[in-house]
Amino acid sequence: MRVAKTGAHCVDDKNCMNRMHPAIKPVSRANPSQHIVFETRDAFSDFNLGSKPEDVSAADLNLVHPLTGPVFIEGAQRGDVLAVTLLDVQPDDYGYTVIVPGFGFLRDRFTKPFIANWKLNRKEAVSDQIPGVVIPFNGFMGTVGVLPGQPEVATILTREAALQSAGGVVLTPQPLGALPSDVCGQNGSSKNECLRTIPPRENGGNMDIKQMVVGTTLLLPCFVDGCGLFVGDVHFAQGDGEVSGTAIEMGATVTLVTEIRKAQAAKVKVPHFEGGDQLIRLAPTEFYATTGFPLKAKGQIPPYHTYLDSQKIGPLENLSEDLMLAARNALIELIDWMVSEKGLTPEQAYVVASVAADLRIGNVVDVPNYAVSAILPTTIFRK
């Protein structure tokens, strides 16, 4: 069974959505064990090989994550678990990685737009904007999930509103550009409840987990009858962390198969995934790595802590048990290494880290200095 895409943009496609709500009607139905082919769009659907940084600045973030679906899985009910096994990812021939001002892990350091346009095949990606770098293909679904139920929507909206009131970064419901328009648009029946797709939640969504490659099985709790399976935002390759805010984003054709595990949602309350030896293939054969600890300059408040409005953080040079700051420092060290040793610009190095470097937790016990490493496969650099 194929869920096709039509038209140039999500708004032209009856099989496309960019919000989540239980009132969204299924665009197709499939049986468990039936192969389902999703034709997907990239995360923005605005770029091409000729795109430039100014095009990134003009992108409409209200349209992010055009998703294919939802598909009703016959026999699935609220309280079940949907097991989704990825069988194949066929990449389109174009992809991109962008730096969007105000977004990304180092958004305070990289404030100007940047784009790397990638030429893709089933083996590798190359970009004229980052010459000398070749990224191997390890495709996966950046966004995959099921529709939330009405109780879940209420819970999510309440907790995210509380976070926003405390100064946290939250994307609240936004009807402008929302699809399907009859449910989530400006005159939609549930326009104030339709969830944005940027954060992952209990129903899956934009998890951006690079290990969910072909052969692995994703376990999703079902919150509505039929589950409402959707797929999109497929990545050609990504580093653990997706630090610039994007991977190698692409349109793709995704083939998967589902299985219903009855009444298992009480045990699988959030997404789990399982597999065999797939992760071995993701390990680099040669690498260079940097480390980071929760250290900083006096007076500096990392961007992830500003909403806490703490008077204690500023004067300190060492934070306690802080993985975010440790990861930040490991990443900055790796970017500096690529600039000095590989001749990349800081923007190029940031993008390379986003698509190829893995942030890994070393320890969460050696107080106060937890350790994070940033591991980069050196085989991506042409000799």
Do the side chains of [X] and [Y] join up, straight or via other hydrophobic residues, at under 4.5 Å, putting them in one cluster?
| X | Y | value |
| --- | --- | --- |
| I99 | F105 | yes |
| V355 | V98 | no |
| I135 | L331 | yes |
| V234 | L229 | yes |
| L334 | F114 | yes |

Taking the side chain as every heavy atom from C-beta outward, state whether [X] and [Y] have any atom pair closer than 4.5 Å.
| X | Y | result |
| --- | --- | --- |
| E317 | Q300 | no |
| P302 | H305 | yes |
| P173 | K191 | no |
| T285 | T379 | yes |
| F44 | V64 | yes |
| I361 | L323 | yes |
| V213 | L86 | no |
| T97 | E249 | no |

* Do you know the tightest heavy-atom contact between N318 and P294? ->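 Looks like ND2-O, 3.2 Å.
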* **Whether F381 and W337 hold their rings parallel, tilted or perpendicular, with breakpoints at 30° and 60°** =>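 Judged by the thresholds at 30° and 60°, the geometry between F381 and W337 is perpendicular.
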* Asked: Any chance NZ of K267 has more than 12 other-residue heavy atoms, nucleotides or ligands included, within less than 6.0 Å?
  ->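 No, NZ of K267 has 12 or fewer neighbouring heavy atoms, counting only those of other groups under 6.0 Å.
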* Asked: So does N187 have more than 12 non-hydrogen atoms from other groups sitting under 6.0 Å from CG?
  ->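 No - once you tally the heavy atoms of other residues, nucleotides and ligands closer than 6.0 Å, there are 12 at most.
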Is it true that [X] and [Y] make a salt bridge, defined as a side-chain N closer than 4.0 Å to a carboxylate O?
| X | Y | answer |
| --- | --- | --- |
| R360 | D240 | yes |
| R159 | E152 | no |
| D93 | R122 | no |
| R201 | E160 | yes |
| D13 | R41 | yes |
| K5 | D92 | yes |

Are the side chain of [X] and the backbone N or O of [Y] linked by a donor-acceptor pair below 3.5 Å?
| X | Y | answer |
| --- | --- | --- |
| Q238 | D208 | yes |
| R109 | L106 | no |
| D12 | H9 | yes |
| E54 | K52 | no |
| D233 | H65 | no |
| D80 | A263 | yes |
| S354 | Y350 | no |
| K296 | L316 | yes |
| N117 | L49 | yes |
| T68 | C16 | no |

* Between R29 and F72, is NZ or CZ placed under 6.0 angstrom from the six-membered ring centre and within 45° of the ring axis? ->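 Checked: cation-pi criterion met.
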* Passes salt bridge (charged side-chain N to carboxylate O under 4.0 Å, His left out), R328 versus D322? Steps please. -> CA-CA 10 Å; R328 173 187 174 89; D322 195 309; over 6 Å; no
* Could you go through the side chain to side chain contact (heavy atoms under 4.5 Å, CB included) check for N15 and T6 one step at a time? => CA-CA 8 Å; N15 293 335; T6 57; 6.0 Å; no
Rounded at 0.5 Å granularity, tell me how far [atom1] in [X] sits from [atom2] in [Y].
| X | Y | atom1 | atom2 | result |
| --- | --- | --- | --- | --- |
| T172 | Q164 | OG1 | CD | 5.0 Å |
| L220 | C227 | CG | SG | 8.0 Å |
| L147 | H21 | CG | NE2 | 10.0 Å |

* Any pair counted as ring-ring contact (aromatic ring centres under 6.0 Å, His included), so long as it reaches residues 226-259, sequence neighbours left out ->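 For residues 226-259, and leaving out neighbouring residues, the ring-ring contact (aromatic ring centres under 6.0 Å, His included) pairs sorted by first residue read F137-F236, F140-H235.
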* Run the side chain to side chain contact (heavy atoms under 4.5 Å, CB included) check on C194 and M20 step by step: do they pass? -> CA-CA 5 Å; C194 288; M20 294 177 289; over 6 Å; no
* Could you tell me whether the side chains of N363 and Y370 share a donor-acceptor contact shorter than 3.5 Å? =>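 Checked: N363/Y370 side chains show no N/O donor-acceptor pair below 3.5 Å.
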* Answer yes if the ring centres of F47 and Y94 are under 6.0 angstrom apart, and no otherwise. =>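 No, ring centres 6.0 Å or more apart.
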